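All remarks here apply to the structure that follows.
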Amino acid sequence: MIRTLFAALVAMGIFFAAPPAGAHQQKEAQSDISLNERTGFVEIIHRFSVHDAEHLMADEGGGPVDLLADGSSRDRFANYVIATFSITDKALDAPLALVLIGAEIDGAYLYVYQETGLPAAAFTWTLRYNTLREVWPDQINRVNIRAYGELKTLTFADQTEALSVSFDAGDRAD
């Protein structure tokens with residue numbers, strides 16, 4: 001009896017916790033930036049909901065888009081990400097040259113990969129991350145940056161257009 005009651009409660013919890021079928025995705029993207037001293041590159045991974053990316057591409061192209069089946073649409077979305085995401089290095093007073101590595105779909109997410117060379121041991125970057133934000137004002141874009149044993153998170157929401165972050169290899173505890 002107790003097992004049956006417990007199973008029923010668990011099932012109800014799952015039912016009420018799950019979003020309704022056809023519910024719209026939450027407008028949120030996440031990017032992870034890591035300094036990989038072993039490879040000599042800064043690795044950038046952007047993650048977007050396939051639903052949101054398809055919605056944007058359909059609006060742009062005038063019809064339904066299937067990013068899983070249509071590689072050219074994935075490439076167009078990746079190029080859109082490149083145009084709406086940038087990192088400027090304060091010491092260089094110039095944007096970093098971010099190279100597109102590729103894009104792929106894994107489950108409900110579209111990943112876009114970029115890389116650039118490692119910065120100086122101490123650096124300050126200013127990031128701009130407007131991907132999907134000009135389309136949906138409530139879009140939130142988060143960036144997790146890992147460098148020298150630290151993790152810092154920047155959140156682009158509301159009217160935030162640019163945020164800065166600093167790291168110094170000399171500050172790390174070994």
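Just so it is clear, the structure is predicted and the values come from calculations on it, not from any experiment.
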Taking side chain to side chain donor-acceptor pair (under 3.5 Å) as the definition, give me every residue that meets it alongside [X], ordered by chain and number, with sequence neighbours left out.
X      : result
Thr84  : Thr131
Thr88  : none
Asp75  : none
Ser166 : Thr124

Pairs flagged by side chain to side chain donor-acceptor pair (under 3.5 Å) wherever residues 63-72 is involved - sequence neighbours left out:
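Every pair satisfying side chain to side chain donor-acceptor pair (under 3.5 Å) with a residue in residues 63-72: Asp70-Ser72, Asp70-Ser73.
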
Side-chain touch [X]/[Y], heavy atoms, less than 4.5 angstrom:
X      : Y      : answer
Asp32  : Ile44  : no
Ile33  : Val143 : yes
Leu132 : Leu56  : yes
Thr155 : Ile140 : yes
Leu110 : Asp106 : no

Within the distance-only criterion (no hydrogens, no angle test), does the side chain of Thr153 pair as donor or acceptor with the backbone N or O of Asn144 below 3.5 angstrom?
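Between the backbone of Asn144 and the side chain of Thr153 there is no qualifying donor-acceptor contact (under 3.5 Å).
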
Where the side chain of Arg74 meets the backbone of Leu68, is there a donor-acceptor pair that is under 3.5 Å apart?
yes

According to side-chain contact (heavy atoms from CB on, under 4.5 Å), who are the partners of [X], at least two apart in sequence or on a separate chain?
X      : result
Arg47  : Gln30, Tyr109, Tyr111
Ile101 : Val99, Tyr113, Glu115
Leu100 : Ala78, Asn79, Ile82, Val112

Residues in ring pair (Phe, Tyr, Trp, His ring centres under 6.0 Å) with Phe77, at least two apart?
Phe48, Tyr80

Going by ring pair (Phe, Tyr, Trp, His ring centres under 6.0 Å), name the residues that satisfy it together with Phe167, two or more places apart in sequence or in a different chain.
Phe123

To the nearest 0.5 Å, what is the distance between [atom1] ([X]) and [atom2] ([Y])?
X      : Y      : atom1 : atom2 : answer
Ile45  : Ser34  : CD1   : OG    : 6.5 Å
Thr126 : Glu161 : OG1   : CD    : 13.0 Å
Gln139 : Asp158 : CD    : CG    : 12.0 Å
Leu127 : Asn141 : CG    : CG    : 11.0 Å
His51  : Lys27  : NE2   : NZ    : 6.0 Å

Is the NZ atom of Lys90 crowded by more than 12 outside heavy atoms at less than 6.0 Å?
no

Classify the angle between the aromatic ring planes of His46 and Tyr129 as parallel (below 30°), tilted (30 to 60°) or perpendicular (above 60°).
tilted

Which heavy atom in [X] sits nearest to a heavy atom in [Y], and how many Å separate them?
X      : Y      : value
Leu98  : Ser86  : CD1-CA, 4.4 Å
Met57  : Leu67  : CG-CD2, 4.4 Å
Lys152 : Val165 : CD-CG2, 3.6 Å

Please list all pairs passing the salt bridge (Lys or Arg N to Asp or Glu O under 4.0 Å) test where one or both residues lie in residues 121-142, with sequence neighbours left out.
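Applying salt bridge (Lys or Arg N to Asp or Glu O under 4.0 Å) to every pair that reaches into residues 121-142, excluding sequence neighbours, yields Glu28-Arg142.
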
ILVMFWY network linking Phe41 to Tyr148, side-chain heavy atoms under 4.5 angstrom
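They do not share one cluster, since no chain of ILVMFWY contacts under 4.5 Å joins Phe41 to Tyr148.
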
Starting from the C-alpha separation in whole Å, work towards a yes-or-no answer on side-chain contact (heavy atoms from CB on, under 4.5 Å) for Val50 and Ile105.
CA-CA 8 Å; Val50 169; Ile105 293 179; 3.9 Å; yes

Among Val42, Leu163, Leu154, the one residue meeting side chain to side chain contact (heavy atoms under 4.5 Å, CB included) with Trp125:
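So the option named by the test is Val42.
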
